[in-house]
Structure formats: C-alpha cells, structure tokens
Amino acid sequence: MATLKELAARGDKFTGGHRACAGCGATIVARQALLAAGKHPVVAGCATGCLEVVSTIYPYTAWNVPFVHSAFENSAATVSGAEAAYRSLKRQGKVADEIRFIAFGGDGGTYDIGIQSLSGAMERGHNMLYICYDNQAYMNTGIQRSSATPRGGHTTTSPAGKKQPGKLQFRKNLTEIIAAHNIPYVAQSVVGNWSDFTRKVEKALDKGGPAFIDVLQPCRLGWGYPPELTAEIGRLAVETNFWPLYEVEDGKHKLNYTPKERKPITDWLFQQERFRHLKGPEHQGLIDEIQRDVDQRWEALQKRCAL
Amino acid sequence: MSKLVSAQTGNEAMAYAMKQVNPDVVAAYPITPATEIVQIFAQYVADGDVKTEFVAVESEHSAMSACIGSAAAGARTMTGTSSQGLALMYEMCYIAAGLRLPIVMADVNRALSAPINIHCDHSDTMGMRDAGWIHLFSENAQEAYDNMIQAVRIAEHADVQLPTLVTTDGFIISHGMENVEHLADERVQKFIGEYQPQYSILNVGKPITVGALNLQDYYFEHRRALADAQAAALPVIKQIGEEFGKESGRAYGLVEGYQLDDAEYAVVALGSTCGTAKVVIDSLRAKGEKAGLLKIRSFRPFPKDEVVQALKKVKFAAVLDRSDTLGGYGGPVFTEVRSALYGEASKPPVAGFIYGLGGREIDMEMIEELFRLMKSGEVKPDSVQYLGVRE
Ligand SMILES: Cc1ncc(C[n+]2csc(CCOP(=O)(O)OP(=O)(O)O)c2C)c(N)n1
C-alpha cells in the first residue's frame, strides 16, 4: 500500500476550489480514491448528486482526470459503456494506456434509483470499480430518505413528527447484495480511515474485474454535526459496529477491524442532529431495537467471515 | 460492378448495415419488433464478423447510458430499440444530444402503451422529437439500410455532432421481406471513413469533464448551440445523400417529391405509407389526375424551406400523421407543415389526418379517398380528422 508520503507526492486528481460544504465527506472520498488509484491512469464517472454538482460547475471542474456524468441512476451503466469502448479501442490498438475506471454514486444513486444499473454492470463483468459514497440520504435535493437511511433517522421525507420517530424502516444491506453478484471484490470502508480506504481502492483496482466499495460518508449538513467532526463520526460508526470494515474477496468474507470494546450505538446516534429526537425515554424501545439490529448484523457478519 | 442484392427484412437490412459499419461498441436490449436487430448483431459478434464490443445491458435506459459513456470515450457507437424501450431511454436521449455524442440508433416504430400494442405507429420516436436527435424515416428496407450508413456520416460530421435516429415502420418494414441492394463492405467503410472523435475521455493525457453542471450563465448558450447544430445538419444530410447517390445510385434528399412538380393535390407522409401512396398516385395519374406525394425523410431537422417549396403550387395537401399529439391541434407532421407554410404568400390549404395508430391498416383505397376528398372540396382547410377509426 502507498504510504502517506507517497500519496502526498502524487498530486491531487480531485482538486480544491469546488463548492462543497466545509467538512464534506463526499469530496474526501473522491480525493482519496483518486490518490489511491494514482499509479494508474484513471477515467472517472459520477452520478447526479452532491459530489457531481459541487465539482463540475461549468466552466470549472475539480476533476483532474477524464470525467463523465450523464444522469442520476446510471453512473454504473455510463462508465460500463466507457469501459467497453476502452476494451474495443484497446483491442484495435487505438489506445495505449492501461486505464482504470471508477464510477461514483451517492446512496440514492446507488441503493435506490441506480441499483439496476449497478447490478447490470457488475453482472456483466466490466473492469470497473464502483464507489458508493454513502451519506445515507439524498443530500443534494435537501436530505430526503433513501434505503440507506437508518431506522429512526430524521430526513425531510421521513421527518420526526408527533406520531412518527423519523424513518420507520431499517436500512438495506447493499454491500451484501452486491457481494451476492459473486464479483471479485466487494468492501465496506469509511471516511475517517484513509489507510483502510486507500488499501481497498488499490486492491479493487489491482484485482481487475468488477469491484464495489461502499464507503460510509458522514454529511455534516444532513446528519447535523460540526464540520470538523466528519472523520470522527465516521470512525465512531465503526467503533459501534454500525459500520464494520470488511471485504469480500473472491467470495470470502474478511473482517478488517474489530473494536476492542463495542461502543453503544447511542454514542454514534447522539452526535447527530438527525437522531436527536430519539433522546427521550419514550424512545428507549426504539433505541433498544436499533442496538439489537446493529448487534445482529454484526453477528451475521462474523458468521460469514468464519466460513 | 455486379450488384449485391439479397432478400432481407427491414431488421435484417439494418443489422447488416450495422455489421458493415462495424462500430466499436453496440449496447442494446431486445424489444418487439426490433429484437432481431439485436439478435442478429449479437450473432455477428459471436461469429467474429465484427470488431464490436457488444454490451448486453439490462435495460434500454442502461443501453443509452452505456452508449453515452462509449461515445464520450470516442468510440463509434450504435444501438437499436422500439416503443417502450425508446420511452425508457428518453431521459438519456436528451442527454446524448446535449452532450453532442454522435450515437446512431435504429428504432423500429411501434405504438406506445397503454393499451399495450406491438404494431406500427410513430408515437415512440415522435415522443423524442424535441430531444435534439436527427430523425430519419425510411420508406422500405432498402432505405433503412441506406439511412443507417448515411447516419454514421451525418452524426459524426464536424458541423453536426449529433445523435441520429433511423426508423422503420414496425412489422411493415421490419418484418417485410424485400430485395435489398448492398454496397460492398470496403465501400461502406470508405464511405463512412475512420472515426476521428474531437474529444475522448480515454485521452488521459488531456483530461476533460463531460456532463458538467450548467447554470443560468451557460445552459442557454449550450442549448442554442444544439439548435444551431440541427440547422447545420440540413445541408449536411443533403450533401451526404447526394454522395451516397454517387456511390450507390440511390441519392437522398431531406424530402422526396413524387409526381409533385405539376401536382394539384398532394399527400404528405412519412415512412412506409409513402410506398402505398406512390402506387395510388400511379393509378390516379394513369387516369389523368394530377396527384402527388411529399415524403419527408428528415423529420429532425425539419426541412422547412424544402417543404414550402415542394408544396407551393399544389391546390391542397393532406398531411398524414401516424401519431397523435393528444390535446394539440393535429399530429406532429401536420403542425410542422402548417407552421412552415403559415408565413408564405403562396401556400396551399392543408388538412391533417391521423391514421394507422397501433398498426391499423392504411390501404390504397383510403389514400385514394383522400385525393377524392381534396378534389371535391369536401375536406375543410385546416381541419384535423381521424382516418380509419370506428367513431
Ligand atoms: C431521474 C431523476 N430523479 C430525481 C433526480 C433529482 N435528484 C438529483 S440528485 C438526487 C439525490 C441524490 O442523492 P444521493 O445519490 O444520495 O447523492 P447525494 O446528493 O447525497 O450526494 C435527486 C433525488 C434526478 N436528477 N434524476
């Protein structure tokens, strides 16, 4: 794996000057991913969403690699087309470089409206890495729920109200859905652990074939916390076992990190405005349910890793 | 040189043209009545007859998305679809045009649901008439073949750089067997030339951003440039049609007049109905009637000047539409033709006829009746009516 010093020497491929919020996690994902990919020439794509919107306001661009955006639900299909073109032109001797392809999408563009496009591209076996920057809601349109939003989370379409405590459903496990495609590499990573993410991006690109990384990405605006806490809140999600760091390589699950002592989920929840309404004793039942869900998912994951 | 002729359906002719074009990438999804195009092409790939990378996507939305990625990567890119498949692509069709990507698409015109129907009308491609694509209609399988080859040149032309749609009438052309004359492979290749993309996202040494967000300060200029490209396509389509004529003996223009020079009454139509109209016109002419046809080949860009010129001297024109605007005044062809004529000093009265939805048959008697109605003065100028429907 590249050292921090090496990464720093590579020069940013996702540059500053974009219009993301202070403390934005999505731009950290893009910057670190492209740094990690740095030894290869890279073509990137992105779904409509915060990352694309803040980074490509014409006539400016933050992308110092070739970049394509077409729509919201099809980052995977669009990049799969570019990758197919590459294979065709390479075969014909019209392209010399050994190019890698990375598609980015938010959780809305990935878990929800883009899941078909992603599933199709993974199943077809394109040589591309799909990175979901998972901030657990549609942030670009003003914080609406997605199937990645955790139970109890307040969003503008799953608002906490007098009768309902935020989102009613638990979040979908997309990492396992993509793992079920039996592709060479699937992983979960987090903003706040650069070495885990860098290693996974490198590995995904080195393995070749379709790969998927779901990166939990704290969003200071949508989650409601001071901008300097982005990395910390990401790490807390790992320390509470809410977001385990693991990978599925050639079908084999492997846990990359086990907290010394699992922190209670409330440590993570109550750092964030979106869960603040759950603080009262009347919601203890729901908190217990959320904790049980975290623990059950963790156990299920451990079993998969033991196989 | 001996002629290369074979009996082919419209779908076979289109797939064969695609084989001879030998694109870098095809991304497509099956749908009746265009499925065969995809199947036949997949077989060419499986047999190694083409160098194409075939992307068997999971939906038409992804087909057009993949085409966009491919074309942005500087690859010569083609696809094919119909009806619901095209409707699922609409979002991406607008984007393909806005990004100025010269993708070529074969569409077999089929009615849109509901009710679900697999037969011919033009509602599917008319649904994207404002998407920025060049839109060429074909009268028969021969034209479908010829149009597919010309479409590559038109789309990629430096003054144009627009995605291009070639259509055939579902089942009538797509499944009808005809003698189709081909150019030899080398001549097709020579005619279309090697594709030299202006930009490519595979050029990692010179990174570009494709699909940037445009706000109030730039969007309008880019859309205006798109309109200019459509206008610029008019002479290009004509010039390439003439060049193709030199190559094949079959020259093409933006419109085709049939017995129109001295015609008193004319029908205006698209696609296979033009073939039927020509037979009717021949028989009317044999009886001394001055009947004519204006066939519109290029619906986008709409050749306003050619249409005005062609209809200038007729006493009445019946405009046939195989799709409806539902709440608009007349079908899409009627509204275009009438609008084109409106400011002209010398113009014929026109009436609109919506016919053939969902594959409803249009026969020679119906077209003959149109000429009779025009001549007898029984059609009110500017009226719009439905033809061949039970009221
Ligand atoms: C087909 C379509 N539906 C809806 C939208 C509106 N839209 C744009 S971005 C977005 C949400 C993006 O959410 P996500 O993918 O989570 O990314 P984020 O904004 O959080 O970065 C929505 C709903 C759209 N652009 N296209």
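Per chain, numbering begins at 1; letters A, B, ... match sequence-line order.
For the residue pair A:Thr155 and A:Arg145, the shortest heavy atom distance occurs at OG1-N, 3.1 Å. Summarising the geometry of B:Ala42 relative to B:Phe54, their closest heavy-atom pair is CB-CE2, 3.8 Å, with the distance given to 0.1 Å. The minimum heavy-atom distance linking B:Ser65 with A:Ala77 is given by the pair CB-CB, 3.6 Å.
Ranked by heavy-atom pairs under 4.5 Å with chain B, the first of A:Leu89, A:Val79, A:Val42 is A:Leu89. Most heavy-atom pairs under 4.5 Å with chain A, from the set B:Arg76, B:Met64, B:His222, B:Lys206: that is B:His222. Chosen from B:Ala96, B:Ala27, B:Ser59, the residue pairing most often with chain A at heavy-atom distances under 4.5 Å is B:Ser59. Counting heavy-atom pairs closer than 4.5 Å to chain A, the top residue among B:Ile208, B:Thr77, B:Val25 is B:Ile208. In terms of heavy-atom pairs under 4.5 angstrom with chain B, the leader among A:Glu73, A:Lys94, A:Glu83, A:Glu123 is A:Glu73. Between chain B and the options A:Pro41, A:Ser70, A:Ser75, heavy-atom pairs under 4.5 Å are most frequent for A:Ser70.
With a threshold of 4.5 angstrom between heavy atoms, A:Asn64 approaches chain B through its backbone and through its side chain. In this structure, chain A has a heavy atom under 4.5 Å from the backbone of B:Thr52, while its side chain stays farther away. For B:Leu215, the part lying under 4.5 angstrom from a heavy atom of chain A is the side chain only. Proximity to chain B (any heavy atom under 4.5 Å) is shown, for A:Tyr60, by neither the backbone nor the side chain. With a threshold of 4.5 angstrom between heavy atoms, A:Ile57 approaches chain B through its backbone and through its side chain. If you measure heavy-atom distances from B:Ala63 to chain A, you find no contacts under 4.5 Å at all. Using a 4.5 Å cut-off between heavy atoms, A:Val95 contacts chain B through its side chain alone, with no backbone atom that close.
Ring pair A:Phe104/A:Trp63 is tilted by interplanar angle, where 30° to 60° counts as tilted. Taking the six-membered ring for Trp and thresholds of 30 and 60 degrees, B:Tyr44 and B:Phe41 have ring planes more than 60 degrees apart, a perpendicular arrangement.
No donor-acceptor contact under 3.5 angstrom links the side chains of A:Asp107 and A:Gln136, judged on distance only. In the model, A:Asp214 has a side-chain atom that pairs as donor or acceptor with a side-chain atom of A:Tyr111 under 3.5 Å.
Close placement of the B:His182 and B:Tyr145 rings is indicated, their centers lying within 6.0 Å of each other.
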